[in-house]
Structures are given as C-alpha cells and as structure tokens.
Amino acid sequence: MTRGESRKLRWKLTLGLELLTSVLAVPLAVLFIIAAGAYDFNKAIALIGSSTVVLTSSYFFPTLRFLYLGRLLSKLEPNNWEKLNTKGKVEVKKKLLNFPLLNTGFYIVQWSYGIPAAWKMMHFFFIPEFFESAPFLLLPLIIYPTLGISHFFLTESVLSEVLESDKLNGLPLEEKDIRKVSIFVRIISTIASIALLPVVIFGYLLVEETSGWLKLGDVTLALSLTILFMVITLTISSYLLAASIRRNSKNMMNAFVEMSQGELEIQLPMVSTDELGRSSKMLNDFVKRLRIVVKTVIKESEKLSQSSKILEGKTKDLSIKMQEQAASTEQMSSGVEEIAASIQSTSSRAESQSSTVEQATASLAELEDRIRNVHTSLMDTKNDAERMRLETSNGESALQSTRNAMAEIESNTAKMEASVNVIHEITDRIGLLSLNAAIEAARAGEAGKGFAVVAQEISKLGEQTQENAKRIRTTLAEAVKATNSGREVLGNTEVAFRRIGDTAQNTSQRILQVSSLSESQLVASAQVKNAFSELIRSAEEIRNHTKEQSQTSLEFSKTIGSISEATEFLNGIVNDIDSLAEKLANQASSLKKEVEFFKT
C-alpha cells in the first residue's frame, strides 16, 4: 500500500463515519430533543447552532483516529513493510482486525464530550428548563447503540479492503490475539439497538403525553422528522450488519466454488472477528493441509503409477522367465529320465559283467589246476629223462642190458608221448581259454583291458607250450626210430646210446624249459586270478554305485517333478500378480487423473 492509497482509505473511513454521525446521529438527536423538549423555533435554532459548534469541535477525536490509523497503515508501505519481521507483520494485521472495536472508544469519547457540551452551549442562548434538559439524558440510549453498531460495521467493511490484500491475507494469526465479536453478539446488539431506539423515543414521548408535560400536536413536524431519521438509521444499521455477513459469506462461497473446481491455491481473507472471520482462518488452515495432502497424494500417485508400471514390466519378465524355467524343468526331467534309463542299463551290464567275470574266474581256476598237472607231468618226464640218460650211460658199458634198456626206452617214450599228448591237449584248451578270455575282455570294454593283456600272454604261453610239445613229440619219434635202428643195427648200439643220451639230455633241458614256462603260467594265472578278483570287486562296486545312482536319479526326477509343479504354481501366481499389477497401474492412473483435478 502506497502513502496515497493509505490517505485515500483513511479519508474514506473518516468521511463515512462522520456522515453517519453528522447526517444521521446528530439530526436524530437534535430532532428528538426538539420534539421531546417541545422547543419553539428560537430554542430549536439555538439547539441546532449549539450542536453544530460542538460537532465541529468534536472533530478533534476523529482527527486522532485519522492520525492513529495513518500511522498503522504506514507500516504497509513497501519500504516499511520489508523492514518488518513476521511477528511485526502479524502485529499489524492484529491491530487492523481489532481496530473496529477500538473505534468504539473514539465515538464514545466524542459523544461523551458532545452531549454535555451541546447542553452547556445552549446556556449561552437560553436557560433550559428541567423538561427541556431531560431528553439529553436519554441521548446515550438512543445514539450509542445504533451509532456504535453502524461505526463498527462500516469500519470493518472499509478495512476489509486492506485485510484482503496479498500482504496480510497469508499471515498466520493466533486465536488469542483476536478480540472476538461473535455473530450472536452482533445480531443481538443490532436487534437490541433497533428495538431500543423506538422504545426509548416513543416511550418517553408517551410518558410526556400521559403526564401532561407535552402536547404532541405542537411537535408534529419534529416528531415526523425524528421518525424518518430513526427509520433511516435503523435501515443503515441493518444494512451494515447484512453487508458484513454477506461479505464473509460471499468470500466463503467464492472459496467453495474455487475448491469445487479443484483450485486449492485459495487464501480466504479474514476480515472480521466473528465466527465467519475465524472460520475463514480455519478454512485456510484446512485448505493448506488439504493442499499438502493432495500434493503428497499426487506425488505418491505418480510414484505408484511408475512403480506399478515397473512392477507390471517385472512381472511380465518374471512370467516369461517362469515359462522358460518350466520348459527347462521339462527338458531336465526328460534328461533325468534318460539318465535313469542309462544307469539302469549300466547296472544290468555291470551285473552281466560280474557274472561273466565269475565264469572266467572259474575257468581260470580250472586252467590253473591243469597247468599244475602239466607241471607235475613235466617234472615226472624230467625224472624219466634223467633215468634214461643214466640207463643209456650204463648201456654203453653193458650191451647185455641193451635190449631191456631199449624196451624200457620204448616204454618211457610211450609214456612221454602220452604226456606230450596231454600237453598238446592242455595247450589246445589254453588257446581256447585265452580266445574266450580275449572275447570276454573285448565285451567288458574299458574295464577288461587288463584282462585282455593277461589273456594275450596266456595265449602266447600256450603257443610256446604247443611248439615245445611238438618238439618233444618229434624227439620221441626220433628216439623210437633210434631204438628200432638199435634193434636192427646192434653194431651201432654204442653210437645209438650216445645219441640217445644226447637226446635225453636235450629232452631234460627242454623239459626244464617247459617246467619253467609252466611255472610262469602258474604265476601269470595267479596274477590273472587276482586281476579277476579286482575286476569282480570293481564290478560289484559299479553295480552298487549304479543302484545308488538309479535311486538318486529317481529321487532327483521326483524333485524335478516337484520343482516343475512349483514352477507351474508360481507361474500362475506370477500371472495373477501381472494382472493385479496391470489393475494397479490402471487404478494409479485413474487416481492420478482424479487428484490432478485439484490445482496446487
């Protein structure tokens, strides 16, 4: 507010208040005194002159009000307003709100001075009698109520222009700082002043008429004017009361209209100290809190909308992942079933391999026994060869016993041939067994490689044994041929014996070689037997492990089935969450649209 605006406002208020005083209250008071005191024309002129002089001198009090209000409004000037802190600004608003009540003191002092001063001033013109002075005593009952109500409402109306300004509108004000004048007090005071005015005027005139103090016919004009000004005064007082209520109601109605249109940036001015004025403050507080709530709801709805969209996207991704997981679990379940079938097949093969190895072990034990028999026969043959060598040696010195020796040689060669036949059969069976062992080792696969090596070595030993048996058989044939030649050519007996001795020596050496080979075969067969034992143990372990793996694969398959069911269940839940997230997103968007109706 500039200084010019302040001066204009003060003049507006002062002129308005003084018009109420000078145009309504003073004429009403003068006319009542004239009518009630039965003043003649001269006395009436003297009363009007005295009242005019006193009224002019009483302007001293409105001047004080003008200056006080000017000092108060000067703080609203831009330079002074910026220097004030919040407390100082609130103090200015508080004083302006309480000023209509403070103004009551100004007019009471003004009239408290004016009534006795006017009565005293009349003494310069004439000395009033008792009944001419008595109406002055009733003036406070006539003037104070109606003029006080009119002054209060007019002051409040004029200052509302300042209180509705942006500077003062938003300032917070405590309830305790406001001198409350309730609507009840306002209405009752207005009604009481309106009712009291005719009661006092007409009551006093009636008393005068009935007591014979006064004849109303003599004051018809003054009484008529009194009634006219009384009606005007009552009308203005009622109008100012209605205007005060209408102003607050209009402000609230405008606020409610703006709120109904979603506008929350309103700031309802507090222009009175009644319930409506204080309600504007409460409504401002409510709108302020509602604005904070709506802003919070808008922000949260935006966050909710964004979060719901993110949730919707996440649930869709999760749904896709769950479907992929379900497909993966199906594939895993199929793979586990295939693994279980493979483990079952491996277990069956392991059991078959164990049976085969047990059979091979039995055959190997039988082969070992036969090798032992061959070894025993070879030792016997060695002893026989030794004896033959001794006999041939003795035959050189005793030709007599040549025939017997030769017969014995034939007998021994026959035994040897039988032994060679046995060896030949053994070597044949060794060959068959080694072939069978090689076949079984090939069938065993990776686990039978060691056994295949042993079978190969046995096959080689059998071939060597067979070759030695052939040699022995050849040697025996030669021995038989030599004995036959000895019979035919006794002359060559010595030579033949020598040859036989050599042959027996060779035979003994070869038998030693065969015996050594048979011992090697025994060692090899023992190793093969141990290898077969290890193979049996490995087969048992493989069978046990495959059984455990089979059980584990079954349990794993059940677990995967459970996981698949849980995945399908979770997939259903994710689909539900997806639909709920979509609904939540729609609800958040709807909430956002609804809340965006409010302008914060």
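Heads up: numbering here begins at 1 and tracks the sequence. Because the structure is predicted, anything quoted here is derived from the model rather than measured.
Residues satisfying the ring-ring contact (aromatic ring centres under 6.0 Å, His included) test with F126, not counting sequence neighbours, are Y39. Taking the side chain to side chain contact (heavy atoms under 4.5 Å, CB included) definition, one finds that S157 meets it with R247, sequence neighbours left out. For E91, the side chain to side chain contact (heavy atoms under 4.5 Å, CB included) partners at least two apart in sequence or on another chain are K94, K95. By the side chain to side chain contact (heavy atoms under 4.5 Å, CB included) test, F60 is found to be paired with L64, residues two or more places apart in sequence or in another chain being considered. Applying the side chain to side chain contact (heavy atoms under 4.5 Å, CB included) test to S165 and every residue at least two apart in sequence or in another chain returns K167, L168. Residues satisfying the salt bridge (charged side-chain N to carboxylate O under 4.0 Å, His left out) test with E5, not counting sequence neighbours, are none. Under the ring-ring contact (aromatic ring centres under 6.0 Å, His included) criterion, W11 pairs with F66, not counting sequence neighbours.
In this structure, S74 and N80 approach most closely via the heavy-atom pair O-ND2, 2.9 Å. Of all heavy-atom pairs spanning S150 and L20, the tightest one is CB-CD1, 3.7 Å. Taking both residues in full, the closest heavy atoms of A118 and S50 are given as O-CB, 3.8 Å, listed atom of the first, atom of the second, then distance. When all heavy atoms of S22 and P27 are compared, the pair lying nearest together is O-CD, 2.9 Å. Contact detail for N85 and G88: the closest heavy-atom pair is OD1-N, 2.7 Å. In this structure, P128 and M122 approach most closely via the heavy-atom pair CG-CE, 4.2 Å.
Between R3 and R7, the closest side-chain pair of non-hydrogen atoms falls below 4.5 Å. L205 places a side-chain heavy atom less than 4.5 Å from the side chain of I201. Taking 4.5 Å as the limit, every side-chain heavy atom of P62 sits out of range of all side-chain heavy atoms of L17. Using a 4.5 Å heavy-atom cutoff, the side chains of L47 and F125 are not in contact. Residues R246 and Y239 have side chains in contact (heavy-atom distance under 4.5 Å, counting atoms from C-beta outward). In this structure the side chain of L159 reaches within 4.5 angstrom of the side chain of L69, judged on heavy atoms. Residues V162 and F99 have side chains not in contact (no heavy-atom distance under 4.5 Å, counting atoms from C-beta outward). Using a 4.5 Å heavy-atom threshold, the side chains of L73 and L96 count as touching.
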**OP:** Give the intermediate values and the outcome of side chain to side chain contact (heavy atoms under 4.5 Å, CB included) for residues W111 and V26.
**Re:** CA-CA 10 Å; W111 277 87; V26 172; 3.9 Å; yes
**OP:** Decide side chain to side chain contact (heavy atoms under 4.5 Å, CB included) for T190 and I194; before the verdict, give the C-alpha distance in whole Å, the side-chain angles of both, and the deciding distance to 0.1 Å.
**Re:** CA-CA 6 Å; T190 304; I194 292 173; 3.7 Å; yes
**OP:** Determine, stepwise, if the pair L28 / I232 fulfils side chain to side chain contact (heavy atoms under 4.5 Å, CB included).
**Re:** CA-CA 10 Å; L28 179 62; I232 294 173; over 6 Å; no
**OP:** Please test S51 against I48 for side chain to side chain contact (heavy atoms under 4.5 Å, CB included), starting from the C-alpha separation and ending with a verdict.
**Re:** CA-CA 5 Å; S51 300; I48 293 172; 5.7 Å; no
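Here the CZ-CG distance, from F32 to L197, works out to 9.0 Å after rounding to the nearest 0.5 Å. A distance of 10.0 Å separates CG of D40 from CD1 of I45, quoted to the nearest 0.5 Å. Put simply, CG on L147 and OG1 on T104 are 9.5 Å apart, with the number rounded to the nearest 0.5 Å. The OG atom of S58 sits 4.0 Å away from atom CD of Q110, with the distance rounded to the nearest 0.5 Å. Taking OG of S57 as the start and OH of Y113 as the end, the distance is 2.5 Å to the nearest 0.5 Å. Note that the CG atom of L72 and the OG atom of S6 stand 9.0 Å from one another [nearest 0.5 Å].
Here salt bridge (charged side-chain N to carboxylate O under 4.0 Å, His left out) pairs that include residues 55-70, with residues two or more places apart or in two chains, are E18-R65. Legend: salt bridge (charged side-chain N to carboxylate O under 4.0 Å, His left out) pairs involving residues 183-196, not counting sequence neighbours, sorted by first then second residue: E156-R186, R186-D274. Residue pairs that meet the salt bridge (charged side-chain N to carboxylate O under 4.0 Å, His left out) test with at least one member in residues 98-124, sequence neighbours left out, do not exist here. The ring pair (Phe, Tyr, Trp, His ring centres under 6.0 Å) pairs that include a residue from residues 143-200 are Y107-H151, where partners are two or more places apart or lie in different chains. Applying the salt bridge (charged side-chain N to carboxylate O under 4.0 Å, His left out) test to pairs two or more places apart or on separate chains, those with a residue in residues 125-151 are K43-E132.
For T14 and Y59, the side-chain atoms include no donor-acceptor pair closer than 3.5 Å.
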